[in-house]
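Along the sequence shown, residues are numbered consecutively beginning with 1.
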Amino acid sequence: MKPKPKSKSEKSRLQLLHQYYNYTGFYKFVWQAVRKALPYIILAIIAIYLINYYFNINAGLTRLTEILPVSGVLSFFFVSETLLGLVPPEIFIAWAGKMYSPWFFLSLLAVLSYFGGLLSYWMGRMVTRIPSVHNYLEVKMSKQLKNSKKWGGFLIVVGALLPLPFSISCIAAGIIKFPFKNVVLYGSLRLLRFAIYGLIIFNAL
């Protein structure tokens with residue numbers, strides 16, 4: 001006699017989560033998005049490698065934090081965190097660690113990064129007002145946008161906690177019109193990331 005299959009109540013949360021993502025097409029959606037973005041990612045990595053080969057980017061950015069006044073460093077950081085966030089925040093966290101009040105300046109960086117992400121969200125919303133972009137999203141990308149809205153929270157959490165540009169995640173959330181109040185909530189995890197990085201980097205300095 002064959003054993004009875006396990007009921008849903010007996011399955012772990014991870015199994016149920018996996019079933020949900022598989023059923024809703026989350027894995028397929030992510031794979032398609034990565035596949036489309038892969039050529040651009042490879043080109044960007046090659047470009048950064050070549051630039052860094054002839055010009056030490058990290059050394060240049062570190063030197064910039066030494067030359068600029070405090071207000072200049074904070075302003076530069078805010079602009080970077082708002083516009084794609086391609087400059088590694090670790091450089092600025094290391095700069096904060098050398099200041100007379102490291103945790104105060106780290107807190108400023110965390111708040112600026114957080115609000116930079118929120119501003120990026122509205123930039124994404126503004127992009128959708130461009131007629132050609134709006135038509136493309138509503139006609140050709142309607143199915144993908146519908147799926148994206150289901151996982152908008154996941155997108156923000158990944159951008160807030162992992163070493164990925166938080167700004168890009170927020171711009172994407174704005175494009176798919178993910179609820180702003182949820183962006184505010186999930187995006188607050190960005191503050192946690194800075195606290196963790198601060199503990200690591202300050203102890204290493």
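Tyr114 approaches Val184 most closely through the heavy-atom pair OH-O, 2.7 Å. Residues Val73 and Phe92 come closest through the heavy atom pair CG1-CD2, 3.8 Å. Taking both residues in full, the closest heavy atoms of Leu106 and Ala96 are given as N-CB, 3.9 Å, listed atom of the first, atom of the second, then distance. Nearest heavy atoms, Val183 versus Leu118: CG1-CD2, 3.9 Å.
Counting only residues at least two apart or on different chains, the salt bridge (charged side-chain N to carboxylate O under 4.0 Å, His left out) pairs with a member in residues 69-91 are Glu81-Arg190, Glu90-Arg193. Contacts classified as salt bridge (charged side-chain N to carboxylate O under 4.0 Å, His left out) and involving residues 118-128 (residues at least two apart or in different chains) are not found.
In Met126, the CE atom is not crowded: 12 or fewer heavy atoms of neighbouring residues, nucleotides or ligands sit closer than 6.0 Å. Within 6.0 Å of atom OH in Tyr197, more than 12 heavy atoms from other residues, nucleotides or ligands are found, so the atom counts as buried in its surroundings.
Although no hydrogens or angles enter the test, the distance criterion places a donor-acceptor pair under 3.5 Å between the side chain of Ser75 and the main chain of Ser71. Using a distance-only test at 3.5 Å, with no hydrogens or angles considered, no donor-acceptor pair links the side chain of Ser120 to the main chain of Ile171. Not a single donor-acceptor pair under 3.5 Å links the side chain of Tyr186 to the backbone N or O of Ala160. Of the possible donor and acceptor atoms, none in the side chain of Ser113 sits under 3.5 Å from a partner among the backbone N and O of Leu109.
Between the CG atom of Leu108 and the OG atom of Ser101 there is a distance of 9.0 Å, given to the nearest 0.5 Å. Once rounded to the nearest 0.5 Å, the distance linking CG of Leu189 with CD1 of Ile196 reads 9.5 Å. Atoms CG and CG, from Leu74 and Leu112 in turn, are 6.0 Å apart once rounded to the nearest 0.5 Å. In this structure, Ser167 OG and Leu83 CG are separated by 6.5 Å, a value rounded to the nearest 0.5 Å. Rounding to the nearest 0.5 Å places CH2 of Trp122 at 15.0 Å from OG1 of Thr82. Atom CZ of Phe78 sits about 5.5 Å away from atom CG of Leu119, to the nearest 0.5 Å.
Hydrophobic cluster membership is shared by Leu191 and Ile200, with clusters built from Ile, Leu, Val, Met, Phe, Trp and Tyr side chains linked at under 4.5 angstrom. Hydrophobic clustering (ILVMFWY, side-chain heavy atoms < 4.5 Å, transitive): Met99 and Leu68 are in one cluster. Cluster membership check: Ile93 does not share its hydrophobic cluster with Val79, using side-chain heavy-atom separations under 4.5 Å among Ile, Leu, Val, Met, Phe, Trp and Tyr. The hydrophobic cluster containing Ile168 does not contain Met123, counting ILVMFWY residues as joined when their side-chain heavy atoms lie under 4.5 angstrom apart, directly or transitively. Under the 4.5 Å side-chain heavy-atom criterion for ILVMFWY residues, a single connected hydrophobic cluster contains both Phe194 and Phe76.
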(Q) Go through it in stages, so that I can follow the logic: the residues are Phe105 and Tyr100, the test is ring pair (Phe, Tyr, Trp, His ring centres under 6.0 Å), and I'd like the CA-CA distance, side-chain angles, deciding distance and then a yes or no. (A) CA-CA 9 Å; Phe105 284 98; Tyr100 56 86; 5.4 Å; yes

Q) Are Val158 and Phe166 close enough, and set up right, to give a side-chain contact (heavy atoms from CB on, under 4.5 Å), and what steps lead you there? A) CA-CA 8 Å; Val158 167; Phe166 181 51; over 6 Å; no

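Under the 30°/60° scheme for interplanar angles, the aromatic rings of Phe180 and Tyr121 are found to be tilted.
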